[in-house]
Amino acid sequence: MNRFQQKCRQLLSGQSIILVLAAVLLFALCVVPFIELFLKIIFSGVDGEFSLEPYRHAFARHSALIAVGNTLVLSTLVTLLSLILAVPLAWLLSRTDLLGAKRWRSWLSIPFAIPPFIGAIAWIFLANPSTGLLNKIFGGSFFNIYSFSGLVFVESSFLYAFVLMTALSSFDRIDSSLEEAARLSGAPPWRVFCDVSLPLLRPALSGAALLVFLATAASFGVPALIGSPARIYLMTTQIYMFQKMGSISGLLRAGALSTCLMAVAFVVLTLVQYLTRKQSLQTVGGKTARPSLIELGKYRHFAFGGVTLFWIITFILPVLGIFVSSVSHVQGDLQWSNLTGQTWIRTLLQNEETGRAFLNSFILAGSAATGAVLLSILVGYIQVKTRLPGRGLLGSMASLPYATPGTVLAFAMILSFSGSFLGILPSLYNTLALIALAYLIKYLSFAMNTAKDAYAQIDDVLAEAARVSGANWTRTMLTIWLPLLAPALAAGWFLVFMPALSELTMTILLTGPGLETIGTTIYQLQEYSDAGGGGASVLSLVVVILVVTINLLVKWISRGRYGL
Amino acid sequence: MSYVGFKKVGKVFPGGIRVVDQFNLEISEGEFVSFLGPSGCGKTTSLRMLAGLEKNTEGVISIAGDIVSDPERHIFVPPEKRRVGMVFQSYAVWPHMNVFENVAYPLKMANRPKDEIRDRVLKMLAVVEMQGLEERKPSQLSGGQQQRVALARGLVMQPRVLLLDEPLSNLDAKLREKMRRDIRQIQQQLKLTVVYVTHDQIEATTMSDRIVIMRGGKLIQVGTPTEIKAKPADDFVADFIR
């Protein structure tokens, strides 16, 4: 009886109430919307009867099928190109005496943090068929960006960075004596790469490749800006078109196609899980001498030139492009007389929508980041510092939305929150709150991972010492854990804030009058209100500058642990 | 004529930090020589320069009469062309290959015919007492067994010199003692020239023909274990060898 009472009191303590609430909230936010989405599509018949009508409708015209085909082909090509670009780069950066290897590491990773739709805007300026700068310089039909190869190129020029970062960190973790042993066995460097490095990297690379596949399938901005004008539709843009029809049946078709996209994501993620489980290659202890770098010798300048050219094409040229575009009176005209500051003034100062968009985006990203950090403080604690059953599941729940294509997540949000969510909330449709919530859910795993890392690095005895000194759990949380976690939490906050600031994929589906964000405003300017005027370029450049600045800030706060 | 020779070998890192200075040593064929010293004394760097994994910035290194490195004359033979066997502290047994494939790799690189590879690998596995485990993956082996695979791989191509970089430091005390005896026995049986890096004076004194004591990148004393014990060059050596 005494033990039973003790157990009850334990269960009712402030600690367990707070933690259980956090876990329930996590479930409600990260899992329930997807269940709702699926149920609403499946039971869409009269009086909520089971029905597959939405699927039949969605695929009634060939366009949806073609969109599925396009998505699969595009994702495959982007994945292959990203691997072909990133793996040799990673080898050069981590295993050879390439000039400035350390600098290149962060410079070549930057595209990972910039929203790809900004690249699309830049490349439309550089390579559209009529006024594209490159086409004007190199003659008529140098490269038409409004094409399938244009899509592959722009997507790859961003997503390679993800493979690169994965490959670099794997190279760093390979015990370099494994490669040295092969050298001493008589293998020249290229054989070492094929026989030892590549097989050891394979699990990590396959995982990264699958995630690139998924990211391409889930991307909206690039396909909308580059694909749609060329009448190349992907699943995401097709969903957007269905939804824009505005009717219930359009909504249901969009929902049906969303669940198909989700299925693609599910297959891919299952494969990733399977591959990373097999990854448990035994790493043998012992000091690892710093790897002896392969001397490129006479190829050194050649390699440096190649990397520089790659960087110029994938980064400098687009950034320069949007800059030139933003100060051009007439797009694609390279004369001094064409120089103007008008576009900047018009876009930033005279357009009240822009001001509202910045304000909205900062509020949305800020509140999403704050919410995500608060939730990860509690959930991170459960995961790392308690032995509660099911704590591993919380991690999977938190990463589910990030793995889900933004289009699907936004759709699930619309369906779950436009009525009264679980009967407790008023309808959030067409409010900033819904967008903020979507951001919070989507990027929660970033905050969660930094919080978990930080918890794992702090020894329990520090908290135990506080408990022994008379502090209860809540006080310990506030006076010991939080101050110690603070740097990691700040980094986590920015990691959520940054992508949320210029998010487009979800926002475009959730936005409404008065709910402009930076992302949707850029999209609107580019597609409709200022097409060919350079206003989108102005805002894009502002976003690039913001992203780079915040990145440096994160790197500084976390002393190089996070950030690029 | 020395078999392995270091002549005024030195290494300065790009930042200007000197890790090895004026290193002179001659090793005869079939000799077992240990480099002994505290961590950071330059013993591993010297070994890695002999292997070709690091470049010496000064002096001449030769193996079996061939100059393998002489920065002044721009001679540098890459590690894969030196015919040197090496056993690493972390064993460096490739986790994606089984025992047979690990040991066969150097012979495959030398383009030996399949039958010969099979023959020599099995023979070498017998020497290190690993018969019958050819199909095992490294993850199914104990640390000691991985060590033996690494040894077999280092020996299978009949290297001109075998290099061992603190090979026993990850083993428990019992196993370490047995491996000490086994390595010494294999060395004498195959008449190997061995360079052995360690910070453990017991390993150095029980296994070696000669010991090279190093500190701060410099060679302090060279001699047989008994010589060094009897006449340590200075207090540092006396303290270290005791």
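Letters A, B, ... are given to chains in the order of the sequence lines, protein chains preceding strands, and every chain is numbered from 1.
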Contacting moiety of A51(B), where chain A heavy atoms sit under 4.5 Å: both
NZ/K218(B): more than 12 non-hydrogen atoms of other groups inside 6.0 Å: no
Spatial distance of atom CG (L293(A)) from atom CG (L53(B)) [nearest 0.5 Å]: 12.0 Å
Residue, of P189(A), S185(A), P188(A), that accumulates the most heavy atom pairs under 4.5 Å with chain B: S185(A)
Distance, nearest 0.5 Å, that separates CD of E80(B) from CG of L184(A): 9.0 Å
Top contributor to chain A contacts, counting heavy-atom pairs under 4.5 Å, from R83(B), K81(B), M97(B), R153(B): R153(B)
Separation between CZ of R191(A) and NZ of K108(B), rounded to the nearest 0.5 Å: 6.0 Å
Atom CZ of R391(A): over 12 foreign heavy atoms under 6.0 Å: yes
Nearest heavy atoms of S177(A) and A92(B), plus distance in Å: O-CB, 3.4 Å
Electrostatic pair R48(B):E180(A) at N-O distance under 4.0 angstrom: yes
Structural part of K55(B) lying under 4.5 Å from a heavy atom of chain A: side chain
Sidechain-backbone polar pair: W94(B) side chain, L178(A) backbone, donor-acceptor under 3.5 Å: yes
Closest approach of H96(B) to D195(A) (non-hydrogen atoms, all atoms of both residues): NE2-O, 2.7 Å
Within 6.0 angstrom of D172(B) CG, more than 12 heavy atoms from elsewhere: yes
